[in-house]
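One structure is given below, encoded as structure tokens.
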There are 2 protein chains.
Amino acid sequence: MRTTGPLDRVAGAHDAAVLAVARRGEPVARTGLAEALQVTPQAISKILTRLIARGLIAEIGSFSSGPGKPTTLYRIVPESRRAIGLHLTRTRLHGVVADLTGQILERHSTEITPEQPVPALIASLARTARELSGHGPGELLGVGVGMPGPVDVDEGVHLGSSSRTDAWRGASIRDLLLDELRMPVLVDHDSRAALIGESWSQPGLLDNAVLVLAEEGLGAALRLDGTIVRGAHSRAGEAGHTVVNLSGEPCPCGRRGCAQAEYLAAQRDGDPQRAAEVLATVVLNLVRLLDVDRVVLGGRSVYAHHQVTMDAIREALDQGLHAGAPVHVEVLLSTRGVDLIAAGAACEVLEHEYGLPSALVGPSPR
Amino acid sequence: MRTTGPLDRVAGAHDAAVLAVARRGEPVARTGLAEALQVTPQAISKILTRLIARGLIAEIGSFSSGPGKPTTLYRIVPESRRAIGLHLTRTRLHGVVADLTGQILERHSTEITPEQPVPALIASLARTARELSGHGPGELLGVGVGMPGPVDVDEGVHLGSSSRTDAWRGASIRDLLLDELRMPVLVDHDSRAALIGESWSQPGLLDNAVLVLAEEGLGAALRLDGTIVRGAHSRAGEAGHTVVNLSGEPCPCGRRGCAQAEYLAAQRDGDPQRAAEVLATVVLNLVRLLDVDRVVLGGRSVYAHHQVTMDAIREALDQGLHAGAPVHVEVLLSTRGVDLIAAGAACEVLEHEYGLPSALVGPSPR
DNA sequence: ACAATAAGCCAACGCTGTTGCGTTACGTCA
DNA sequence: TGACGTAACGCAACAGCGTTGGCTTATTGT
């Protein structure tokens with residue numbers, strides 16, 4: 001987004017809103033957009049002119065129903081921009097290239113040695129990014145990295161996990177990778193990247209949603225009233241360390257009955273049913289507390305037992321919400337599979353460039 | 001806020017931001033505001049001119065340090081606007097008048113008969129509002145009502161509690177009271193009103209905060225990244241019905257080990273220590289999940305045992321956050337006491353009129 | 001008394017979306 | 001086949017936002 005004038009914020013927000021509507025894939029028309037953005041059709045013309053000049057939107061034809069001049073139709077140009085997304089775990093590095101709509105154009109996967117020191121890690125990330133950077137048309141916007149554990153997205157540093165010593169703690173992954181690649185880099189928490197990715201491809205649908213990610217641990221990301229929640233220290237989403245069983249399993253974090261401890265214990269005991277029930281409790285707690293209307297599930301551990309997991313969650317929601325009003329909560333399994341986080345990281349780069357700005361007035365008043 | 005032009009959104013946001021800074025009570029100067037809002041001093045002059053014309057801001061003098069023309073100082077004019085706030089429970093009706101800064105000017109309390117039918121309830125509310133409307137100078141903006149149970153703030157209707165039959169369920173309290181008083185009315189959930197009130201008087205401080213309210217039940221309100229969370233169906237904040245003890249006390253909502261059930265059971269057993277520990281678990285769960293840096297406690301049940309409660313929460317936070325990074329979470333007891341919710345409801349009216357707008361582009365794209 | 005300094009005002013500017021009016025392209029019907 | 005009504009669209013003038021550059025004002029220090 002440009003930052004010259006003061007009204008660019010208005011223009012930028014409108015541009016982003018039009019792109020969001022267009023991203024859904026269906027052709028868009030002037031009138032519909034005017035209604036969606038609450039501006040006059042004439043303003044939409046100006047906005048579309050800007051977007052067309054930037055190559056993000058193109059005309060695709062016209063549509064006539066009844067008398068009068070036919071409506072001109074426009075579509076997003078997916079191939080106009082690209083972004084690289086990298087999913088980093090302790091043992092693997094999975095990367096994708098995504099176009100402007102979040103569609104995956106190319107994949108690349110590598111094994112990495114666990115507990116790799118930071119310089120070697122940066123080299124691996126850069127190698128995968130370079131491997132992917134050749135594929136696909138359109139301007140390459142940058143590289144997004146999604147990784148487990150708390151991450152400060154503003155500084156691009158990994159804050160270190162709470163339960164163990166960590167070779168990556170405090171590493172300024174963003175700055176190091178930026179120096180290496182000479183390209184914008186964005187580093188964020190894995191589940192947050194995943195949720196941004198899921199909502200990028202279906203704008204508006206996940207305005208009030210949580211994504212629960214069950215990989216090595218149990219994490220979550222929150223989108224409330226349209227905004228991703230990061231929290232005061234960029235640590236929001238630690239659903240794995242909320243207590244669900246006061247007298248339960250001890251957790252490395254020092255407390256008893258953390259959801260993650262209960263979940264892992266059930267898995268260790270070979271009891272996927274109990275694990276699913278723990279997950280269902282976490283989900284129901286989130287729904288009750290945050291009043292989201294959509295829940296997205298992802299992560300290897302969910303994919304492995306998706307049937308029992310989905311059943312347990314649906315049952316818990318049916319029971320738990322029945323007493324109250326007839327609110328409907330949709331439970332979705334991520335359709336991206338193993339690409340979930342890598343694609344999300346790529347979409348986060350797109351969102352950073354072309355997403356809706358959250359605040360109108362610059363920073364908060366101190 | 002005016003709605004004529006398209007740029008009023010920019011102006012409105014800036015006006016609100018200046019008011020927010022001024023609300024802290026200290027005199028404000030052009031330069032400081034320019035820095036806080038990230039605009040030029042010249043723009044601040046224009047903004048202040050608008051606000052002075054509306055009577056919201058006044059000049060109070062000048063301040064000279066070193067050579068050069070002295071800095072002109074401005075202050076908010078608290079007495080320029082007023083709002084009425086009503087706190088409704090099953091047995092009592094407590095009302096206040098607050099000025100533009102949220103200071104309480106007058107109180108009025110009444111007993112009401114439990115399970116009062118809706119028409120009588122409206123009459124009681126209107127009587128208290130009229131009683132209060134005479135006090136204090138300044139334009140009276142409207143009436144805010146804070147009440148327990150889920151409330152749809154957009155429609156102004158009480159949605160009915162989840163556990164019992166309810167004479168007020170579905171009552172359009174806002175519309176009925178509006179017809180009666182011919183004055184803007186705003187109805188919201190009690191804990192949400194409370195949090196808005198607390199943050200109104202200290203702008204910016206509670207940008208990432210939860211307020212936990214322990215009255216008849218256990219409720220919460222969330223403010224994340226500066227925005228009050230309402231949720232998809234205006235039901236966010238049901239912290240009382242999150243499970244903390246999978247094999248615990250049965251709850252009227254149908255599940256076992258809900259925080260509220262555990263809390264009330266501990267109180268019933270005359271064990272304030274255990275009740276405090278349940279509350280501490282709820283707070284720690286909220287802090288972990290949402291990464292807030294401030295927690296505000298309120299409600300009669302907290303005031304009665306504030307020492308053990310605060311101690312238990314501080315201890316839990318010390319233990320629970322020690323393993324991770326050195327993040328500091330401040331735990332505050334509300335200073336408003338029994339006025340908490342009534343004052344909050346009044347502030348919610350003020351915020352509706354003079355608060356920061358959340359979104360830049362009108363509605364969300366469908 | 002005079003210079004140096006800092007704050008604030010005025011006027012012109014670029015940008016936003018809006019408004020009013022004219023143009024274009026279609027379907028319909030005589 | 002041609003006139004007419006209709007709906008989408010473009011052009012130009014407009015009001016309002018913060019910005020820019022130059023000038024005025026009020027204080028301190030020499």
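Just so it is clear: chains get the letters A, B, ... in the order the sequence lines come, proteins before strands, and each one is counted from 1. What you see below is based on every heavy atom in this structure, not just the backbone, and it leaves out hydrogens, waters and symmetry mates.
- If you take CG of B/Leu37 and C1' of D/dG18, they are 12 Å apart, rounded to a whole angstrom.
- Computed from coordinates, the A/Ile47 CD1 to C/dC15 C1' distance equals 13 Å when rounded to whole Å.
- A donor and an acceptor atom, one from each side chain of B/Ser199 and B/Arg223, are located under 3.5 Å apart.
- The nearest whole Å value for the distance from the NE2 atom in A/His14 to the C1' atom in C/dG17 is 8 Å.
- Salt-bridge formation is detected for the pair A/Asp15/A/Arg54: a Lys NZ or Arg NE/NH1/NH2 atom is positioned less than 4.0 Å from an Asp or Glu carboxylate oxygen.
- Atom CG in A/Leu33 sits roughly 13 Å away from atom P in C/dG17 (whole-Å rounding).
- Map A/Ser45 and B/Ile44 each onto its nearest nucleotide of DNA chain D; the residue landing nearer the 5' end is A/Ser45.
- In this structure, the NZ atom of A/Lys46 is 7 Å from the P atom of C/dG17, given to the nearest Å.
- Remark: B/Thr72 is in phosphate contact with C/dG8, judged by side-chain N or O atoms under 4.0 Å from OP1 or OP2.
- Within the structure, every side-chain polar atom (N or O) of A/Arg9 is placed at least 4.0 Å from both OP1 and OP2 of C/dG17.
- Of the residues in residues 60-69 of chain A, those with a non-hydrogen atom less than 4.0 angstrom from any atom of DNA chain D are A/Pro67, A/Gly68, A/Lys69.
- Salt-bridge formation is not detected for the pair A/Arg230/A/Asp154: no Lys NZ or Arg NE/NH1/NH2 atom is positioned less than 4.0 Å from an Asp or Glu carboxylate oxygen.
- For B/Ser80, the side-chain contact (heavy atoms from CB on, under 4.5 Å) partners at least two apart in sequence or on another chain are B/Leu56, B/Val77, B/Leu100.
- Computed from coordinates, the A/Gln38 CD to C/dT16 C1' distance equals 17 Å when rounded to whole Å.
- Here the straight-line distance linking atom CD1 of A/Ile52 with atom OH of A/Tyr74 works out to 5.5 Å at 0.5 Å rounding.
- As rounded to whole Å, 18 Å separates atom P of D/dA15 from atom CZ of B/Arg50.
- In this structure, B/Gln42 places its CD atom 18 Å from P of C/dG14, rounding to the nearest Å.
- Ion pair B/Arg192/B/Glu351 not flagged as a salt bridge, since none of the NZ, NE, NH1 or NH2 atoms sits closer than 4.0 Å to an Asp/Glu carboxylate oxygen.
- The side-chain contact (heavy atoms from CB on, under 4.5 Å) search around B/Thr101 returns B/Arg23, B/Ile76, B/Pro78, B/Asp99, B/Gln103, not counting sequence neighbours.
- An OP1 or OP2 oxygen of C/dA7 is reached within less than 4.0 angstrom by no side-chain nitrogen or oxygen of B/Arg30.
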